[in-house]
Visitor: 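I have a structure here, written as structure tokens, and I will follow up with some questions on it.
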Protein chains: 2
Amino acid sequence: MILDPVDLRLLEHLQKNGQATAQELGEVLHLSASQAGRRRQKLEETGVIHHYAARLDPAKLGLSVQAFVQVQLDRHGAEHGASFARLLKTRPEITSAWTMTGEADYLLRVYCPDLASLNRLIHEVLLANPVVSRVHSQIVMDQPKADAPLPLG
Amino acid sequence: MILDPVDLRLLEHLQKNGQATAQELGEVLHLSASQAGRRRQKLEETGVIHHYAARLDPAKLGLSVQAFVQVQLDRHGAEHGASFARLLKTRPEITSAWTMTGEADYLLRVYCPDLASLNRLIHEVLLANPVVSRVHSQIVMDQPKADAPLPLG
DNA sequence: GGTGAAATCTACCTAGG
DNA sequence: CCTAGGTAGATTTCACC
């Protein structure tokens with residue numbers, strides 16, 4: 001699928017407001033509402049737009065502690081990685097996990113109601129797991145930039 | 001604002017499908033559509049729901065390189081942090097930035113079309129900045145867990 | 001919890017390059 | 001023939017009962 005500059009501006013807008021109506025999109029893009037809606041539909045069908053999501057305010061939900069946790073597995077092997085990957089899915093506090101080049105480390109993004117529950121996660125879940133060799137956690141103090149739209153230029 | 005278990009299930013659903021209609025929410029929650037819509041409206045007004053966003057597929061947009069970059073500032077001071085914070089806003093590849101406890105480090109989440117542009121960002125933008133002392137970048141290989149709903153239990 | 005007016009979406013249709 | 005703009009029926013929302 002080819003994305004022209006109008007598509008990119010449409011995507012930029014929909015990332016900021018996923019509830020924008022076809023009419024609103026048309027005004028922003030200087031198109032008719034029907035054309036804007038048609039473009040949006042195309043982008044949904046082709047999977048460029050993966051889904052729509054409500055973004056919540058963690059503080060208002062009592063999730064006052066955010067952290068990034070780096071986890072180092074003691075032995076590198078497919079079966080170890082797989083068992084750890086299963087663990088990730090069972091822990092709702094871990095909202096995202098990435099593996100990186102170089103080390104077979106995981107980077108985890110974690111939301112907890114308080115420091116105690118973060119420490120429980122680290123000690124009773126992560127360090128208690130025999131596959132895990134080391135963890136290093138850093139608590140988020142401030143988020144000067146949050147979930148900006150993807151760079152589409 | 002008090003959130004009862006029904007609100008939490010509503011939020012969980014809206015994080016997965018931000019376009020759920022009041023009727024759909026009502027079916028999930030075993031409520032009437034009008035009650036489900038009323039709850040949602042309340043959660044929007046009180047800011048528990050911050051906004052709605054379209055989630056895009058980075059690969060389909062040509063953003064094949066994701067990375068986390070840790071940036072260490074050479075001197076810790078309010079004015080240095082502020083100048084770096086301004087830099088963050090000017091770079092669309094940097095979609096999120098966090099400051100952590102302990103060090104005055106920044107963790108940056110970055111999306112680039114290729115390795116060359118990531119390297120340009122690191123060397124010509126970050127390291128070229130006099131405030132920056134060291135950077136350490138890790139390229140994302142895999143994302144076994146991606147943007148799961150916030151833990152609302 | 002239910003109802004109805006207003007707004008919105010979407011499929012279909014028409015016009016122009 | 002393909003792309004842009006317009007129209008109508010169905011659906012959804014939201015203020016009110």
Side-chain angles (χ1 to χ4, degrees), chain A residues 1-61 146-153, chain B residues 1-63 113 146-150 152-153:
Chain A
M1 163 144 198
I2 316 150
L3 298 173
D4 69 15
V6 177
D7 287 322
L8 298 183
R9 285 199 294 143
L10 189 153
L11 292 170
E12 199 147 350
H13 196 82
L14 278 178
Q15 285 185 91
K16 290 184 254 180
N17 178 14
Q19 290 190 322
T21 65
Q23 188 171 359
E24 178 183 332
L25 291 171
E27 286 163 11
V28 172
L29 304 174
H30 302 294
L31 280 177
S32 67
S34 48
Q35 290 293 5
R38 184 179 297 273
R39 279 177 184 264
R40 175 171 60 178
Q41 194 173 11
K42 198 82 174 175
L43 293 164
E44 290 165 356
E45 286 166 359
T46 56
V48 176
I49 297 175
H50 193 261
H51 70 293
Y52 294 87
R55 301 312 222 74
L56 311 185
D57 181 341
K60 291 221 162 82
L61 292 159
D147 291 307
L150 293 175
L152 303 176
Chain B
M1 163 139 197
I2 316 148
L3 298 171
D4 69 15
V6 177
D7 288 322
L8 298 182
R9 285 198 296 142
L10 189 153
L11 292 170
E12 199 148 348
H13 195 84
L14 278 177
Q15 285 185 90
K16 292 184 251 181
N17 178 12
Q19 290 190 321
T21 65
Q23 189 171 355
E24 177 182 335
L25 291 171
E27 286 163 13
V28 172
L29 303 174
H30 304 293
L31 280 178
S32 68
S34 47
Q35 291 291 6
R38 185 181 297 274
R39 278 176 185 264
R40 175 171 60 176
Q41 193 173 10
K42 200 81 176 173
L43 293 164
E44 291 165 355
E45 286 166 358
T46 55
V48 175
I49 297 174
H50 192 261
H51 71 294
Y52 294 88
R55 300 311 222 75
L56 312 184
D57 181 341
K60 291 220 162 81
L61 292 159
L63 296 167
D147 292 307
L150 293 176
L152 303 176

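Each chain gets a letter, A, B and so on, in the order the sequences are listed, and its residues count up from 1. The analysis underlying the following values was restricted to heavy atoms, covering all of them including side chains, and did not include hydrogens, waters or symmetry mates.
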Visitor: Excluding sequence neighbours, so at least two apart, what forms salt bridge (charged side-chain N to carboxylate O under 4.0 Å, His left out) with A/R39?
Guide: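 Checked A/R39 against salt bridge (charged side-chain N to carboxylate O under 4.0 Å, His left out); matches are A/D4, A/D7.
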Visitor: What is the distance from atom CG of B/L56 to atom CG of B/L63, rounded to the nearest 0.5 Å?
Guide: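 Going from the CG atom of B/L56 to the CG atom of B/L63 covers 9.5 Å.
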Visitor: Look at the side chain of B/R40 and decide which nucleotide, out of C/dC9, C/dG1, D/dT13, has an atom nearest to it.
Guide: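 Selected nucleotide (nearest to the side chain): D/dT13.
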Visitor: For B/K42 and D/dC14, what is the distance between atoms NZ and P respectively, to the nearest whole Å?
Guide: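 In whole Å, D/dC14 P and B/K42 NZ are 14 Å from each other.
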Visitor: Below 3.5 Å, can you tabulate the donor-acceptor pairs from side chains in residues 47-54 of chain B to any protein atom, sequence neighbours excluded?
Guide:
from: B/Y52; atom 1: OH; to: B/E44; atom 2: OE2; distance (Å): 2.6

Visitor: Per the salt bridge (Lys or Arg N to Asp or Glu O under 4.0 Å) rule, what does the pair list look like for residues 8-23 of chain A, sequence neighbours excluded?
Guide: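 Sorted pair list comes back empty.
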Visitor: Identify all pairs in which a protein N or O lies below 3.5 Å from an N or O of nucleotides 12-17 of chain C, and state each distance.
Guide:
from: C/dC12; atom 1: N4; to: A/R38; atom 2: NH2; distance (Å): 3.3

Visitor: Tell me which residues in residues 14-33 of chain A lie within less than 4.0 Å of DNA chain D, going by non-hydrogen atoms.
Guide: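 Of all residues in residues 14-33 of chain A, the ones placing a heavy atom under 4.0 Å from DNA chain D are A/L31, A/S32.
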Visitor: Determine whether A/E24 and A/H13 make a side-chain contact, defined as any pair of heavy atoms from C-beta on separated by less than 4.5 Å.
Guide: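 Result yes, sub-4.5 Å side-chain heavy-atom pair found.
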Visitor: Side-chain N or O of B/Q41 versus OP1/OP2 of D/dA15: is the shortest distance under 4.0 Å?
Guide: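 Checking D/dA15 against B/Q41, a side-chain N or O does come within under 4.0 Å of OP1 or OP2.
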Visitor: In whole angstrom, what separates A/Y52's OH from C/dC9's C1'?
Guide: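 Spelled out: OH on A/Y52 to C1' on C/dC9 is 12 Å.
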Visitor: Only distances under 3.5 Å count here; give the side-chain donor-acceptor pairs of residues 25-32 of chain B to other protein atoms, sequence neighbours excluded, each with its distance to 0.1 Å.
Guide:
from: B/S32; atom 1: OG; to: B/S34; atom 2: OG; distance (Å): 3.3
from: B/S32; atom 1: OG; to: B/Q35; atom 2: N; distance (Å): 3.2

Visitor: Just wondering, are more than 12 heavy atoms of other shown residues or ligands nearer than 6.0 Å to CD in B/Q23?
Guide: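 Open.
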